[in-house]
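What's counted below: heavy atoms across the whole structure, side chains too, no hydrogens, waters or symmetry copies. This is a predicted model, so every value here is computed, not measured. Count residues from 1 along the sequence.
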Amino acid sequence: MLDPNLTGLIGIALSIGVPTISAAAAIIICGTAMAGVGTEKPELLSRLIITVVLGEALAIYGLLIAFMLIAKLPGLKTMEAATRALMAGIIIAVGTGAAGAGISYAGSSLIGATAERPESYSSNVIGVVLSEALAIYGLLISFMVIGTI
């Protein structure tokens, strides 16, 4: 059986590690696509920056949960409390992982489609925004779980 503090630390590691990797992947994929479009149509970059911004938000969500869990660390005296901390870390990790994949795929498609037909932007941005919502769902549930510690 793990020590409650070690279990909580694993939750903290997951809550900062996976969202940061997800953010990096989204930024790399969408930023690279934006660089390609920017050489041909720089006027589109101000609209397409949303893909990189929403990717970066994933790391911020993980950071928020990590801060909250670090604040709870001294109070993790039982395995039940520690398991809740671990689950909060897992929830935000899964939510941001899914969102990172969605932003990467939908974002790069949005960038390519907008380069071809700029008028398609408002229809295509929905996939990126809804992908971000997956992380927000994880963030909210993690908040609720941490509230029970």
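- Considering only heavy atoms from C-beta on, Thr7 stays 4.5 Å or farther from Leu76 through its side chain.
- A side-chain contact (heavy atoms from CB on, under 4.5 Å) with Ile103 is found for exactly one of Leu54, Ile29, Leu130, Ile27, namely Leu54.
- Residues Ile21 and Val18 fall into different hydrophobic clusters, defined by Ile, Leu, Val, Met, Phe, Trp and Tyr side chains chained together at heavy-atom separations under 4.5 Å.
- By the neighbour-count criterion of 12 heavy atoms within 6.0 Å, atom OH of Tyr121 is densely surrounded, having more than that number from other residues, nucleotides or ligands.
- Closest approach of Gly127 to Ala106, counting heavy atoms only: C-CB, 3.8 Å.
- Taking OG1 from Thr51 and CG from Leu110, the interatomic distance works out to 6.5 Å, rounded to the nearest 0.5 Å.
- Between Lys41 and Glu43, no side-chain nitrogen of the basic residue sits less than 4.0 Å from a carboxylate oxygen of the acidic one, so the salt-bridge criterion is not met.
- In terms of heavy atoms, Thr96 sits closest to Pro19 at OG1-CG, 3.3 Å.
- Within the model, atoms CG of Leu58 and OG1 of Thr20 stand 9.5 Å from one another, a figure rounded to the nearest 0.5 Å.
- Rounded to the nearest 0.5 angstrom, Ser131 OG and Ile126 CD1 are separated by 11.5 Å.
- In terms of heavy-atom proximity, Ile65 sits nearest to Ser142 at CD1-CB, 3.5 Å.
- The two residues Ser120 and Ala113 come nearest to each other via the heavy atoms OG-O, 3.5 Å.
- The hydrophobic clustering, which links ILVMFWY residues whose side-chain heavy atoms are closer than 4.5 Å, places Leu44 and Val52 together.
- The environment of Glu40 atom CD is sparse: at most 12 non-hydrogen atoms of other residues, nucleotides or ligands sit within 6.0 angstrom.
- Here the closest non-hydrogen pair linking Ile111 and Cys30 is CD1-O, 3.4 Å.
- With hydrophobic clusters built from ILVMFWY side chains whose heavy atoms lie under 4.5 angstrom apart, Val53 shares a cluster with Met34.
- In the hydrophobic clustering of this structure, Ile90 does not group with Ile92; members are Ile, Leu, Val, Met, Phe, Trp, Tyr whose side-chain heavy atoms approach within less than 4.5 Å, directly or through other members.
- Taking each heavy atom of Ala26 and Gly100 in turn, the nearest pair found is CB-O, 4.2 Å.
- One distance of note links CZ of Phe143 with CD1 of Ile91; it measures 12.5 Å at 0.5 Å rounding.
- Atoms OG and CG, on Ser22 and Leu134 in that order, are 11.5 Å from each other to the nearest 0.5 Å.
- Using a 4.5 Å cut-off between side-chain heavy atoms of Ile, Leu, Val, Met, Phe, Trp and Tyr, with links allowed through other members, Met68 and Leu63 fall into different hydrophobic clusters.
- The CG atom of Leu14 lies 6.5 Å from the CG atom of Leu86; values are rounded to the nearest 0.5 Å.
- Val37 has its side chain out of reach of Thr114: every pair of non-hydrogen atoms, C-beta onward, lies at least 4.5 Å apart.
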